[in-house]
Each structure stands twice: as C-alpha cells, then as structure tokens.
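The block underneath contains the structure these notes are about, expressed in structure tokens.
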Amino acid sequence: MGPLLAQLLTGLADASALFLVASGLSLIFGVTRIVNFAHGSFYMLGAFIGYSLMQALPGAVGFWAAVLLAALAVGLIGALVEMLVLRPIYRAPELFQLVATFGVILVVQDLALMIWGPSDLFGPRAPGFDGVLRIMGEPVPEYDLVLIAVTPLVALGLWWLIARTRLGVLVRAATQDREMVSALGVNQRWLFTGVFALGCALAGLGGAVQLPKGGADLLMDFNILAAVFVVVVIGGMGSLPGAWLAAVLVSVLNVFGVTYLPQSTLVLMFVVMALVLMIRPWGLLGRAVVAGDHGQPGAPERPIRPASARVRVLVALGLGALALLPALAPAFIVTLASDILIFCLFAASLHFLLGQGGLISFGHAAFFGGGAYGAALLVRHAGSPMELALLLAPLCAGLLALVFGWICLRLRGVYFAMLTLAFAQLLWSIAHQWTGVTGGDDGMVGIWPAAWAAPRAVFFYLVLVLAVGGILVLRHLAHAPFGYGLRAARDSLRQAEATGINTRVVQWIAFAIAGAVAGLAGGLFVFAKGSVFPNELEIARSFDALIVVLLGGGKTLSGGVVGGAGFAAVEDLLGRFEYWRLALGLVVIAVVILFPEGIVGSLRNLADRLRGPARERENSP
C-alpha cells in the first residue's frame with residue numbers, strides 16, 4: 001500500500017505545475033479563443049526568470065518572493081505580447097493568431113539562449129522543504145507535499161476571481177458571448193489583455209514552482225506544450241475545474257504507467273485523450289464548440305474561380321524556370337528546390353483539408369510520415385523497387401486517413417484537431433519503439449532511388465512532375481462539384497445536408513485524399529534523403545505545415561504552395577545564422593501583422609485596390 005500511496009502523491013505533485021500552466025491556457029482560450037502555441041514559452045520564461053531571481057534573493061522569503069515575482073514578470077511580458085503582436089490581428093481569419101504565437105515561440109527561444117546560455121540550469125531546493133518524509137515507510141519529498149497543498153490555494157484564488165469579482169463576471173460573460181459583452185460597452189481590448197496577462201502569469205508561476213524538481217532548460221517549452229494542450233482538451237477548453245481534473249488524471253496515470261507499463265508512457269496521455277473525446281466530444285467539463293471559437297472569422301471568402309490567362313502564363317514561366325534549374329544552378333540549389341517542392345506538396349495537402357474543408361488538423365504529419373515509412377518498409381523488408389514503393393506510399397497514407405478520419409470526423413474544432421494529433425502521436429510511438437521493424441531512433445537508412453533516378457537532375461524532374469501533378473489534382477478537385485460540396489459542408493453543415501449533400505462522406509473522402517497526397521510527399525521525401533526517422537511523425541512536422549498554410553492564406557487556392565515555398569526558402573537562408581530562430585520569428589510576426597489574410601490573400605486585396613482607381617478612370621468620360 002505504501003508504494004501505491006507514494007506514487008499517487010508523486011502524480012499529484014506533478015499535476016500541480018501542469019494545472020497551473022493548463023489553467024492559464026484554458027483561461028486564455030475561454031475568453032479570447034486564441035490557441036496559444038506560445039504558452040510553453042511563458043512557462044519556460046517563468047523558470048529562467050525564477051532561477052535568476054532565486055540567485056539574487058536568498059533564504060526562504062527570497063525563494064517564494066522569486067516565485068511570485070517571476071509570475072508577475074511573465075504576466076507583464078504576456079501583456080506586451082498581446083498588445084504588440086496579437087491585438088493588431090484580432091480581426092484576422094480564424095486561427096491566424098496561432099501563426100503569431102508560433103513566431104513568439106521562435107523569438108523567446110533565441111532570447112532565452114542569448115540571456116541564459118545553452119546549459120541546463122538546476123534550480124535551488126526550496127528552503128525548509130529540501131528533505132523527505134516517510135509515509136507508510138516510503139520516502140516522499142517534502143516539496144511534493146508543498147506543491148500538493150499550494151495547488152488548491154491557487155485554484156481557490158482563481159475561483160474567487162472568476163466567481164466573486166467584476167473581472168470574473170466579465171470573463172464569464174466573454175466566455176459565453178463576446179459580441180454581447182462588446183455591445184454592452186465593455187472595452188474588449190483591455191479585457192483580452194488582462195486575461196492574456198493572467199494566463200501567462202499562471203504559466204510563469206508553473207515554471208517557477210517546478211524549479212526545485214526539474215530546473216530550467218531550452219527544451220522545456222516544447223516538452224510541456226503537448227501535455228498542456230492534452231490536459232486542456234480532456235478537461236474541456238475554457239473549463240478551469242476540467243483542467244484541474246484532467247491534470248490529476250494525466251499525471252497520476254503517467255506515474256503509474258512508468259512503473260507498470262513503461263512502454264506506454266510516450267502515448268498514454270494521448271490514448272486517454274482519444275478515449276475521452278470519443279465518449280465526450282467536448283471534454284469532461286467542456287461545452288460544444290460554436291462558430292468563432294478559434295478567433296474572428298475574418299472577411300467573407302471570395303468564390304473561387306479558374307486562374308486568369310495572366311496567372312497561367314506566370315505559372316508556366318515559373319515552371320519553365322524550374323525545369324531549367326538543373327542546367328543553370330549549383331547542385332545544392334537543385335537539392336534545395338527538390339526539398340521545397342516536396343514540402344509544398346505536403347503543405348498543399350493540408351491546405352486542401354483546411355482551406356476547402358475547414359478541417360483543422362494538428363496531426364497531418366501522420367500521413368506524411370506514414371507515406372515515408374510505408375515506402376521505406378516496402379523497400380527494406382519486401383525488396384520493392386522505388387517505382388512500386390512510390391505508388392503504394394500514397395495508398396498506405398490514404399488508408400490510414402480513412403481509418404483516422406472515420407473516428408475524428410465525429411468531432412469539431414480544436415477537439416477534432418487534437419484527436420488527429422493523438423493518432424499522429426500513436427504512430428510516432430510505434431515508429432519510435434518498434435525497433436525491429438522501423439529501426440526506432442536510428443531510423444531506416446539506405447533507402448535510395450532506383451538507378452535511373454539516382455542522378456540529381458533526374459530525381460529533381462521526378463519530384464517536379466509528381467509534386468506539380470499532385471497540386472494540380474487538388475486544384476482540379478477544388479473546382480469540381482466535389483469541391484463545391486466540400487466548401488458547402490465547411491460553411492454550413494445543416495444547409496448543405498438540406499440540399500442533399502452527405503457532408504460526412506464528403507469530408508471523409510477529402511480527409512483520405514489529403515492524406516494520400518501527403519503520403520506521396522512522404523514517399524518522395526524518403527528517397528530524396530535516403531532515410532526516414534520518427535521525427536517525420538512528430539508534432540513539429542504537423543505544425544510546420546499548418547503554419548505555412550496560414551501564412552500563405554488559408555482562404556486562397558495557392559496559399560499552401562506560396563506559404564510552403566516562402567517559409568522553406570527563408571528558413572534555409574536564415575538557418576545559416578547563429579540566432580536564426582529570432583530572425584525567423586520576427587519575420588513571421590511581421591508577415592502576420594502586415595498580411596492579416598495571409599500573403600496571397602493580402603496581395604490579392606492590394607491588387608484589387610490598385611485596380612479600383614484604374615477602372616474608375618477607364619469608366620470616367
């Protein structure tokens with residue numbers, strides 16, 4: 001009984017810091033509807049700032065003062081981020097704030113590297129609580145008991161703030177109906193700023209209080225981000241009691257999983273999330289997602305139309321220039337161009353799902369990596385030639401998408417996105433742990449093209465033909481009746497169903513098509529690199545595609561291609577500098593603010609404004 005109690009207490013202590021961070025994210029989403037990817041960065045800042053303050057403030061009073069001051073400092077930083085980065089784009093299309101928070105992640109990472117250096121920092125032990133207690137014969141750290149006691153106090157303070165103060169009334173009202181709150185004369189801008197600062201302060205508090213247990217390092221932002229999102233989604237987006245319940249559930253199960261099912265720890269929380277969402281689609285204590293739950297909808301989408309003659313000429317010239325690349329450019333440029341084309345195909349597949357179908361996937365790398373591993377496994381274990389492997393890679397990914405889509409399409413909004421992430425993490429775990437087949441962390445190497453495609457120029461032309469062909473197929477589907485039915489389901493499920501469209505089947509087919517095209521990109525990738533590793537299935541790969549789609553313009557047909565090409569080229573250019581993340585993050589933030597409808601959408605609006613006066617002059621007598 002003693003070991004079980006000790007493990008339970010360890011899980012409850014781990015849940016404390018997790019709840020602090022998750023409660024901040026839940027609060028921010030509940031009011032502002034911002035899916036804040038940078039929340040882990042504020043957690044990391046809380047740890048680093050807390051460490052510096054603890055070095056300057058000695059003793060027990062100094063330790064706890066440093067924890068509180070770190071939370072306050074992170075809250076102020078969060079307020080500045082909201083005012084300078086997020087406030088200018090609140091009227092941008094849905095989820096565009098997500099791109100801005102991605103830029104904040106990159107900026108914070110390099111600023112932390114510049115200030116605190118690359119080495120891990122080990123936090124001091126809490127004065128007066130640096131020993132262990134024996135409970136039923138088992139040692140339990142005293143600081144774990146302190147964390148278990150502090151968390152209810154913080155939760156009680158949040159309850160009092162939300163339930164008993166005027167700010168809490170406004171927060172609850174904004175959570176239910178932001179437009180009505182604005183109509184009543186409440187200054188939404190400062191309400192959003194205050195809530196965002198409070199959420200960031202809670203993340204900073206979580207980072208500071210965990211210092212005696214884990215220290216501070218430059219990877220802790222990404223290490224906690226997935227767990228925080230899982231906790232918030234399991235509990236229900238915007239529900240603070242749900243966040244506490246989910247944090248306890250996830251942390252306790254993880255502690256027991258380490259002991260009794262050690263191989264399950266990589267995906268245990270994602271399995272729990274998937275089971276909860278399949279039973280309760282909006283989390284344990286959440287509510288149904290309604291329109292606008294991911295930010296403002298932005299300007300109405302324009303009806304799509306075939307490309308004009310001018311655009312077709314420009315595209316033909318661009319493809320002609322690409323065809324001349326092997327003869328005119330150095331070898332590394334040809335290789336870079338192949339990589340960019342593959343990434344553009346991957347981004348275009350997600351863009352088809354998001355832009356045409358309105359389906360936001362956080363786990364699209366499952367199909368990219370599924371296609372890559374499918375081709376590699378066929379070559380390695382079945383002796384298949386490259387041609388057959390490339391043919392079957394999209395088929396493997398498409399079948400995966402059919403299975404995942406059948407389950408995920410029962411959900412909507414962030415819950416749909418997080419369930420796709422759960423399945424992607426499940427595939428990543430299989431690739432990571434099934435070492436006898438996939439190679440595990442060592443990956444699968446030596447997967448090279450066939451002899452006829454081995455020359456760099458020939459393989460480039462193969463990539464060019466398949467990538468451009470795949471993108472054109474997706475574009476053709478967008479203009480076909482299937483594409484109109486898909487957009488109808490995106491814009492209004494009820495009205496689309498009333499006209500006789502089977503929206504579930506249309507979205508399911510679209511999900512499978514997007515997965516198959518992503519699998520084709522993955523098959524090309526494995527032969528371009530000669531290897532594949534589990535990181536092609538990781539969260540970061542999915543987020544890269546999502547970011548470039550939103551940067552390019554989610555409501556345009558060419559947004560994924562333009563965003564993918566631009567992002568990959570800029571990343572390669574800036575990657576040669578020491579603090580390339582800082583530069584790339586600033587570029588992303590600048591693009592978000594200057595092009596609030598994505599690069600393609602904003603340039604199209606600019607062209608329309610420039611054509612307007614010209615038309616007026618032509619029509620004037």
Side-chain angles (χ1 to χ4, degrees), residues 1-27 43 46-47 49-51 53-54 57-72 74-75 123-164 198-199 201-216 220 224 227-228 231-232 235 239-256 258 285:
M1 188 65 183
L4 292 178
L5 179 60
Q7 288 176 322
L8 177 62
L9 292 175
T10 300
L12 292 175
D14 293 342
S16 300
L18 189 57
F19 166 71
L20 291 174
V21 185
S23 63
L25 180 62
S26 187
L27 192 64
Y43 166 76
I49 294 174
Y51 174 86
L53 291 172
M54 289 174 189
L57 302 175
V61 175
F63 175 87
W64 295 109
V67 169
L68 296 177
L69 289 174
L72 179 62
V74 174
R125 294 188 177 275
F129 301 100
D130 53 356
V132 296
L133 290 178
R134 291 278 175 179
I135 299 179
M136 298 183 68
E138 294 293 325
V140 177
E142 294 176 342
Y143 190 68
D144 282 4
L145 300 177
V146 172
L147 290 180
I148 294 172
V150 165
T151 302
L153 296 177
V154 175
L156 183 62
L158 287 174
W159 172 83
W160 177 82
L161 179 68
I162 299 299
R164 300 297 184 186
L198 176 59
L202 288 169
L205 181 63
V209 299
Q210 66 78 44
L211 273 171
K213 290 173 63 69
M220 61 190 303
I224 198 173
V228 170
V231 164
V232 172
S239 171
L240 293 180
W244 177 82
L245 181 61
V248 171
L249 176 64
V250 168
S251 298
V252 171
L253 285 178
N254 187 63
V255 168
F256 281 98
V258 169
L285 300 178

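Below, each value reflects all heavy atoms present in this structure, side chains not excepted, and no hydrogens, waters or symmetry copies. All residue numbers refer to positions in the sequence shown, counting from 1.
Contact check for L147 versus Q210: no side-chain heavy atoms found under the 4.5 Å cut-off. For the pair V67/M54, a side-chain contact is recorded, criterion being any heavy-atom separation below 4.5 Å from C-beta on. Contact annotation: the side chain of V21 never approaches that of V231 to less than 4.5 Å [non-hydrogen atoms, C-beta and beyond]. Two residues are said to be in side-chain contact when any heavy atoms from C-beta on lie closer than 4.5 Å; L5 and I135 meet this criterion. Residues W244 and T151 meet the side-chain proximity criterion, which asks for heavy atoms closer than 4.5 Å. V252 places a side-chain heavy atom less than 4.5 Å from the side chain of F256. For the pair D14/T10, a side-chain contact is recorded, criterion being any heavy-atom separation below 4.5 Å from C-beta on.
In terms of heavy-atom proximity, Y143 sits nearest to F63 at OH-CZ, 4.1 Å. Minimum interatomic distance between L211 and Y51 (heavy atoms only, all atoms of both residues): CD1-N, 3.4 Å. Counting all heavy atoms, side chain and backbone alike, G128 lies closest to E142 at O-OE1, 3.6 Å. Nearest heavy atoms, A15 versus A247: CB-O, 3.5 Å. Counting all heavy atoms, side chain and backbone alike, D144 lies closest to K213 at OD1-NZ, 3.0 Å. Considering every non-hydrogen atom in both S23 and L20, the closest pair reads OG-O, 2.8 Å.
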Check against side chain to side chain contact (heavy atoms under 4.5 Å, CB included), Y43 and M220: CA-CA 8 Å; Y43 166 76; M220 61 190 303; 3.4 Å; yes
Evaluation steps, side chain to side chain contact (heavy atoms under 4.5 Å, CB included), between V209 and S16: CA-CA 9 Å; V209 299; S16 300; over 6 Å; no
Pair L18-V228, side chain to side chain contact (heavy atoms under 4.5 Å, CB included): steps then yes or no: CA-CA 7 Å; L18 189 57; V228 170; 3.9 Å; yes
Derivation of the side chain to side chain contact (heavy atoms under 4.5 Å, CB included) call for L202 and V154: CA-CA 9 Å; L202 288 169; V154 175; 4.2 Å; yes
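In terms of modelled atom types and a separation under 3.5 Å, the side chain of S26 and the main chain of A243 share no donor-acceptor contact.
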